[in-house]
Structures are given as C-alpha cells and as structure tokens.
Chemist: 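There's a structure below that I have some questions on.
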Amino acid sequence: MTTSAAPTADHNAPDVPDRPDAARVPALSISDVSHSYGPRRALIDINFTVAPGSFTALLGLNGAGKSTLFSLVTRLFGIQSGQIGIFGHDVGRAPGEALRLLGVVFQPRTLDLDLSVTQNLLYHAALHGIGRRDARLRSGEVLTRLGLADRAGSKVRDLSGGQMRRLEIARALLHRPRLLLLDEATVGLDVKARADILGHVRQLVAEQGIGVLWATHLFDEVIASDDLVVLHQGQVLAQGPVARVIAETGADNVNSAFMRLTGATANVGGTSP
Amino acid sequence: MSSTTSKPAGSGFSFGEYLTCLSGIVWREALRFLHQRERFISALVRPLVWLFIFAAGFRQVLGISIIPPYETYILYEVYIAPGLMAMIQLFNGMQSSLSMVYDREMGNMRTLLVSPLPRGYLLFCKLLAGTAVSLLQVYAFLAIAWFWDIAPPPAGYLTVLPALILSGLMLGALGMLISSGIKQLENFAGVMNFVIFPMFFASSALYPLWRVQEGSPLLYYVCLFNPFSHAVELIRFALYGQTNWISLAVVGGCAGVFMIGAIYAYDPSRGLIRRGPAGGET
C-alpha cells in the first residue's frame with residue numbers, strides 16, 4: 001500500500017501519536033488474523049496494512065467478514081490469533097493507546113436517539129476523557145465540518161438517515177483520531193446522501209491526513225486513487241492500489257476484477273472506475 | 001464534567017480523564033432517566049403500593065416483636081420500609097441490565113466499549129451511574145413515606161447513604177452479570193420470574209427471618225443465604241445509625257464477586273459477550 005504525505009498542521013489535526021517512528025508505521029496493520037465462531041471460520045489468515053493519509057476500501061460481499069474484522073480492530077471481540085496494530089500499538093496488549101487513535105462508525109446506528117446531537121457528542125467526548133469545555137468547542141467544529149451546526153440542539157431521532165450518519169462521523173472525529181474505520185457507512189442512504197458522506201470522508205483524508213478503512217460492498221464507492229482490499233469468504237484475495245488490482249486480474253474495472261477474483265456473477269454494487 | 005484533560009506522556013490516562021469519563025456516564029444515565037418519566041413514576045409507585053395497600057392490610061395480621069435495630073414495638077409499615085428501599089434498588093439494578101441488553105441490541109453499547117479507557121473501569125462507572133439513579137428513587141420514596149409515619153431518626157437519612165450505595169452496587173453488578181448472558185431482550189422476562197421475585201420474597205424484606213424459621217426451616221436457610229436479605233438488613237440497621245457487620249461483609253463480598261464476574265463476562269477475549277456479529281452485519 002502507498003503512504004500519503006504527512007498531514008498539514010492545523011488545530012483540527014488529529015493528535016500525533018507518541019512514537020518517534022510514527023511517520024513510518026502503518027495506521028493499521030493486520031497480521032495473520034484468523035477468527036472463528038465455533039466451527040465456522042469467519043476470517044482466515046488476514047494480512048494487510050492501511051497507510052496514514054490513505055483511503056483504503058475493504059470490498060466484500062455480505063458475509064465476507066468485514067464486520068468481524070471491524071469488531072476485532074475495535075476490541076469488541078478478542079483476537080483469537082494474529083496481531084492488530086494501530087500506529088504500532090498492539091490492540092490486544094495496549095488497547096487504550098490503540099483505541100485512542102481510532103475513530104469508528106459501525107454498520108448499525110449507535111447513537112442515543114433520546115439525546116440531542118450535542119449531548120451525543122459530549123457523551124462520546126467524556127468516554128475519551130475530554131472535558132466539557134473542550135468537548136463543546138470540538139463539537140462545534142465537527143458539526144460545522146459535517147454541515148450539522150444548525151441541528152446541534154435537535155433530538156437525534158428527528159434527524160434523517162443521512163444526517164445521523166454524518167453525526168456518527170462527526171462523533172468519530174471528535175477525539176481527533178489518526179485512523180477512521182467506517183463499516184458500510186452508506187447503507188440505506190439515498191444517492192445524494194451517499195455521495196455527500198463519501199465526499200466528507202475523502203476530504204478528511206486529503207486535508208487532515210487521516211487514514212481511512214472504508215468497508216463496503218458497493219463497487220461505485222471505490223475510485224482509481226484508492227487502495228483496495230478484496231475480502232471474500234474470510235480471505236483476502238487481492239490488495240494494493242486499485243489500478244494494480246485491476247491490472248493483475250486482467251479486468252477493466254473494479255466490478256469485473258472483483259467478479260474474476262471471487263467467481264461471483266451478480267453485480268451488486270453499481271458502476272466502478 | 002471536569003475540564004481537566006491533560007494527557008500524560010506515554011501510555012495511561014490522567015486522573016482528570018478518568019473523572020471526566022465517570023461524570024459523563026453518570027450524566028448520560030441521569031439524562032436518560034429524566035427522559036423516561038414513566039420509569040421514575042413506576043419505580044416510585046411500586047413500593048408505595050406495597051406500603052399503602054399491602055402493609056396496611058397485613059398490619060393486623062403480622063405482629064413484629066422487638067428485634068434489632070428497633071428498640072420498641074413498631075408498625076409493620078416501619079418494618080417493611082427498608083425492604084421496599086432495597087426493592088427499589090433491586091428493580092433498578094435489573095432495569096439497568098435491561099437497558100444494557102437494549103443498548104447492546106441497538107448498538108449503543110459499542111460506543112461505551114470502544115472507549116480507550118479500561119473496560120473494567122467503564123463498567124464500574126456504569127454501575128455507579130445506575131446506583132446514583134437508584135438513590136434518587138429511594139430518597140423520593142423516603143420523602144413520601146415520611147408522611148405515612150415512617151420517620152427514622154433524622155441522622156438515619158445520612159447514615160443509610162453508604163449502605164444504599166453498597167447495596168445498589170451489589171444489585172447493579174448482579175444485573176450487569178445477568179445481562180451479559182442474555183442474548184435477546186425478550187429473554188428478560190425470565191429475569192423477573194427467576195431473579196427478582198425469588199430474591200425479594202425469599203428474604204427478610206417482608207417478614208423477619210425468625211418468623212420464616214417457624215414456618216419453614218428450609219426457607220429460612222434460603223433466606224439466610226440470599227444476598228438480598230443482607231442488603232435489606234444492612235439498610236435497616238444503617239437507617240437507625242447502626243451497622244450490621246455480617247450483612248456488610250456479605251453485601252460487600254457479593255458486590256465484589258458480581259462486579260468481577262460482570263467485568264470478566266464483558267471482557268472480549270474471555271467473556272460471555274463473545275458471539276457472532278449482530279444481525280445484518282457481516
């Protein structure tokens with residue numbers, strides 16, 4: 001995978017990891033990770049990295065193991081075998097340091113519907129040890145960035161699906177992570193909301209140098225400049241820059257490259273670069 | 001919430017960060033409680049029904065002899081008041097675990113569990129938050145009960161506080177432990193039948209244990225080993241400025257064991273939370 005340029009300095013920039021070799025370590029490294037639910041193997045010897053400042057699409061059909069992988073990275077599940085590192089911090093051994101650098105948007109909605117937009121953000125900030133005054137400042141910043149400043153006092157249950165997703169991204173950014181994981185973040189949204197959210201995330205990569213792992217089953221969310229990891233039935237079938245994966249499979253776009261790799265026949269995700 | 005967020009060099013979290021996290025969890029729990037007015041009212045009505053109807057009816061049937069901590073004959077309503085206070089905490093503890101099952105099903109629990117602070121600490125904060133909510137309910141009950149001639153010594157309102165915190169932690173930790181083993185919200189009805197009712201009725205909440213012993217020696221031992229009995233007695237003695245040391249030891253010990261069990265159960269690498277992804281996830 002390629003490594004993008006270091007982020008430019010600004011007050012919204014993510015907290016810098018406290019490791020001298022931070023610039024060289026991957027934002028996310030998955031090494032020999034396997035996971036089983038009883039006899040069913042959900043992930044088999046997964047290996048890949050996400051570079052800081054890169055947008056990496058984790059492409060796979062439903063049931064490929066994307067959510068299981070996210071649960072392992074976020075420590076919702078224990079790691080059965082292999083290692084996961086976030087900027088060099090082992091998730092299994094130093095979860096606090098690792099999770100501090102991580103922002104995550106899960107596939108199911110995880111907002112508290114009865115609280116307001118700001119209250120949800122303040123709660124998240126508290127869970128990261130961010131004091132009330134600082135949390136209010138940061139909330140204003142992320143809500144403005146995500147175009148939700150005018151909904152700060154609204155109950156979450158009054159937001160549209162797209163707004164809820166943007167709020168979840170705002171919340172994931174509140175503690176200024178260096179790595180952002182998004183699991184099927186656009187599922188159930190209309191075309192415009194999907195494009196908006198994808199645009200916001202790509203902007204974050206470009207402007208703040210955040211590493212992004214974007215799990216999706218929609219081919220049209222992958223563009224030529226992305227890095228790509230193809231996950232199928234718990235195994236990584238291909239990884240690298242999109243152009244290289246396409247070239248290696250002899251295909252002419254992501255869609256057909258994916259079909260050749262997986263032997264799938266159905267086009268589940270629309271157009272591709 | 002604290003505004004102290006100075007981050008120490010290297011690993012670890014500052015005291016201010018721990019405090020901020022605690023106050024944030026308590027604040028959120030209080031907000032949710034205030035948003036659920038029905039929950040507050042029903043939590044209050046339940047013990048009041050027992051006090052106003054059940055106790056009034058049984059006043060003439062059940063005589064209470066002079067037993068510690070009481071120094072004179074007392075009305076039956078006075079006797080069951082500590083039991084009803086503990087009942088509020090029992091229901092609150094189970095309600096908290098219900099909300100944890102709900103949060104887990106709805107996905108909200110992930111917000112808590114992916115916090116970088118130690119998971120054991122997060123769960124302890126959650127327990128403290130639930131206990132704080134139960135204290136509000138208990139004191140509201142005591143305020144109403146005062147008009148019903150249940151008037152412990154004024155200092156008792158203060159001396160009972162540590163006992164309520166400890167019993168609230170024990171019952172909350174029990175609820176948390178139970179919630180870790182419940183996979184679906186619908187299964188929670190079983191908790192009512194298999195936990196709340198047996199714990200409450202097989203205790204000293206409604207009748208002194210010496211009376212139970214007269215009726216059924218076996219039930220007496222069940223009541224004696226029921227930690228809820230000791231929560232009731234701890235509260236009863238504390239309300240009159242005294243300490244029941246055996247109950248204190250039992251409640252403290254059980255609180256510790258249940259808490260360790262709950263933290264173990266929610267540990268991703270070992271505990272009961274280990275399961276496949278939620279429906280629809282891949």
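Here the structure is a predicted model, which is why all the values come from computation and not from measurement. Naming convention: chains lettered A, B, ... in sequence-line order (proteins, then strands); numbering from 1 in each chain.
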Chemist: Which region of Leu122(B), side chain (C-beta onward) or backbone (N, CA, C, O), has a non-hydrogen atom less than 4.5 Å from a non-hydrogen atom of chain A, or is it both or neither?
Modeler: side chain
Chemist: Scan residues 253-263 of chain B for pairs that pass side chain to side chain donor-acceptor pair (under 3.5 Å), counting only residues two or more places apart or in two chains.
Modeler: none
Chemist: Below 4.5 Å, heavy-atom pairs only: which of Asp112(A), Leu72(A), Thr74(A), Leu111(A) has the largest tally toward chain B?
Modeler: Asp112(A)
Chemist: Counting N and O atoms only, with roles assigned by atom type, does the side chain of Ser134(B) sit under 3.5 Å from a partner on the main chain of Gln89(B), one being a donor and the other an acceptor?
Modeler: no
Chemist: Below 4.5 Å, heavy-atom pairs only: which of Thr110(A), Asp114(A), Leu99(A) has the largest tally toward chain B?
Modeler: Thr110(A)
Chemist: Going by the rule ring-ring contact (aromatic ring centres under 6.0 Å, His included), which residues pair with Phe141(B) if we only count those two or more places apart in sequence or in a different chain?
Modeler: none
Chemist: Rounded to the nearest 0.5 Å, how far apart are CD1 of Ile84(A) and CG of Asp32(A)?
Modeler: 11.0 Å
